[in-house]
Amino acid sequence: MTAVSTSETVSPSTGTLGKAIALVELVALSERPLRFTDILDLAGQPRGTLHRQLGHLVEEGLLELNADHCYEPGLRLLKLASRAWGRSDLRRLAAPHLQALHDATGETIHLGMLRDTEIIYLDKVESRQAVRMASQIGRASPAYCTGVGKAALAALPQSRLDALLDVMDFRPFTQHTIVARPVLEAEIAAIRKAGHAFDREEHEAGIRCVAAAIFDQERTFVGGVSVTGPAYRVGEEMLDTWAPLVRAAAEAVMEEIAARLGPKG
């Protein structure tokens, strides 16, 4: 398992601020602790420059160097992330409806939004079951092989969808992952008709989910909601049963957006 995806490495053409932000992302999104030599291999910066950059980030509290000489997110970064998360209008408005969906299904509920070709999870209601999801708020997952991601892609205007598909890095996470663009496009067409999307063990083996898109009052995609569970207790019939519940939750959030936030502009 690699520490980070290639999309999180530092581009040589990025400016000083961009390189610093990219270093923070390398550390924060890594699946394992990173030492200086790990970051040096990933960042592609000169050793001296990288050492200074990391030193500045530690001084500013955005990164910390732990007792094992590994870098980890600093308390200042966590404070900023917490403040941004707490101020999310979408998260605030969706919260009671996520809880209601959780009460109805007993499984893990996610709220996510699209960022480029990835889904960022904004909120999560944990399953009541003993076996739970390992997902985390703030984590990114590929749009083409996740329920919320495919619901998001299906909600986009065709021109925007085509642009994302042109730059999408298809790779198989499991034997069920869709890696052929024509197959994904056919599924997106089906999602548009059905109003919901499935993840049938496409991102993680043994994990299934059903998701629906959330639109604002101008019919612009703003997020997606999903219910997720392990395949051994979530069969195809269960996904079909949950689909209307997930669509209803998304519609309830849309009503909240229309009532609380009002029209744009």
Side-chain angles (χ1 to χ4, degrees), residues 1-8 25-26 28-34 98 101-102 105-155 164-165 168-181 183-188 190-191 194 196-214 223-243 245-246 249-250:
M1 180 178 292
T2 57
V4 291
S5 68
T6 55
S7 62
E8 289 148 9
E25 281 195 326
L26 280 175
L29 300 179
S30 175
E31 296 177 359
R32 62 178 176 83
L34 297 179
L98 302 184
L101 185 58
H102 170 265
T105 64
E107 296 291 352
T108 301
I109 310 301
H110 288 109
L111 176 72
M113 65 180 296
L114 186 67
R115 185 190 69 177
D116 297 326
T117 61
E118 294 180 317
I119 286 293
I120 308 296
Y121 293 108
L122 301 179
D123 208 350
K124 174 184 180 182
V125 183
E126 190 66 80
S127 170
R128 296 193 297 263
Q129 308 293 336
V131 177
R132 299 179 176 181
M133 294 287 298
S135 56
Q136 296 177 344
I137 294 172
R139 187 169 186 140
S141 296
Y144 66 90
C145 59
T146 54
V148 173
K150 289 192 288 182
L153 295 177
L164 287 183
L165 293 178
M168 203 161 281
D169 180 22
F170 292 99
R171 62 188 183 96
F173 287 87
T174 75
Q175 62 178 338
H176 303 291
T177 307
I178 296 174
V179 293
R181 176 169 173 170
V183 178
L184 179 61
E185 288 177 322
E187 180 153 345
I188 287 172
I191 292 168
H196 56 264
F198 295 116
D199 171 359
R200 300 180 177 91
E201 301 184 65
E202 297 163 47
H203 186 222
E204 297 180 58
I207 298 297
R208 293 173 176 158
C209 91
V210 56
I214 299 170
V225 59
S226 69
V227 56
T228 306
Y232 75 85
R233 66 170 180 252
V234 179
E236 293 288 336
E237 290 184 1
M238 184 63 72
L239 290 179
D240 291 336
T241 300
W242 284 345
L245 301 179
V246 175

Measuring from atom [atom1] of [X] to atom [atom2] of [Y], what distance do you get when rounded to the nearest 0.5 angstrom?
| X | Y | atom1 | atom2 | answer |
| --- | --- | --- | --- | --- |
| Glu118 | Thr146 | CD | OG1 | 10.0 Å |
| His102 | Leu98 | NE2 | CG | 10.5 Å |
| Ile178 | His203 | CD1 | NE2 | 13.5 Å |
| Leu114 | Leu153 | CG | CG | 6.5 Å |
| Ile120 | Met113 | CD1 | CE | 8.0 Å |

Okay, side chain of [X], backbone of [Y]: is any donor-acceptor separation there less than 3.5 Å?
| X | Y | value |
| --- | --- | --- |
| Thr105 | Glu107 | yes |
| Lys150 | Phe198 | yes |
| Thr177 | Glu202 | yes |

For [X] and [Y], work out which heavy atoms get closest and say how close.
| X | Y | result |
| --- | --- | --- |
| Glu204 | Thr174 | C-CG2, 3.7 Å |
| Ala151 | Ile191 | CA-CG2, 4.4 Å |
| Val225 | Val246 | O-CG1, 3.5 Å |
| Ile119 | Ala152 | CD1-CB, 4.1 Å |

Discussion item. Does Thr108 form a side chain to side chain contact (heavy atoms under 4.5 Å, CB included) with Val125? I'd like the steps, not just the answer.
Written reply: CA-CA 6 Å; Thr108 301; Val125 183; over 6 Å; no
Sequence neighbours left out, what passes side-chain contact (heavy atoms from CB on, under 4.5 Å) with [X]? Give chain and number order.
| X | value |
| --- | --- |
| Thr241 | none |
| Ala231 | Glu201, Arg208 |
| Cys209 | Asp199, Ser226, Thr228 |

[Y] side chain reached by [X] side chain, heavy atoms, under 4.5 Å:
| X | Y | answer |
| --- | --- | --- |
| Val210 | Val227 | yes |
| Arg200 | Glu236 | yes |
| Asp169 | Thr117 | no |
| Glu187 | Tyr144 | no |
| Pro142 | Phe173 | yes |

Worksheet item: Hey, mind stepping through Arg171 and Val179 against side chain to side chain contact (heavy atoms under 4.5 Å, CB included) and telling me if it holds?
Response: CA-CA 6 Å; Arg171 62 188 183 96; Val179 293; 5.6 Å; no
Practice prompt. Indicate the ring-plane relationship of Tyr121 and His110, choosing parallel, tilted or perpendicular according to the 30° and 60° boundaries.
Written response: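 Tilted.
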Discussion item. Pair Trp242, Val234 - check side chain to side chain contact (heavy atoms under 4.5 Å, CB included), show working.
Written reply: CA-CA 10 Å; Trp242 284 345; Val234 179; 3.6 Å; yes
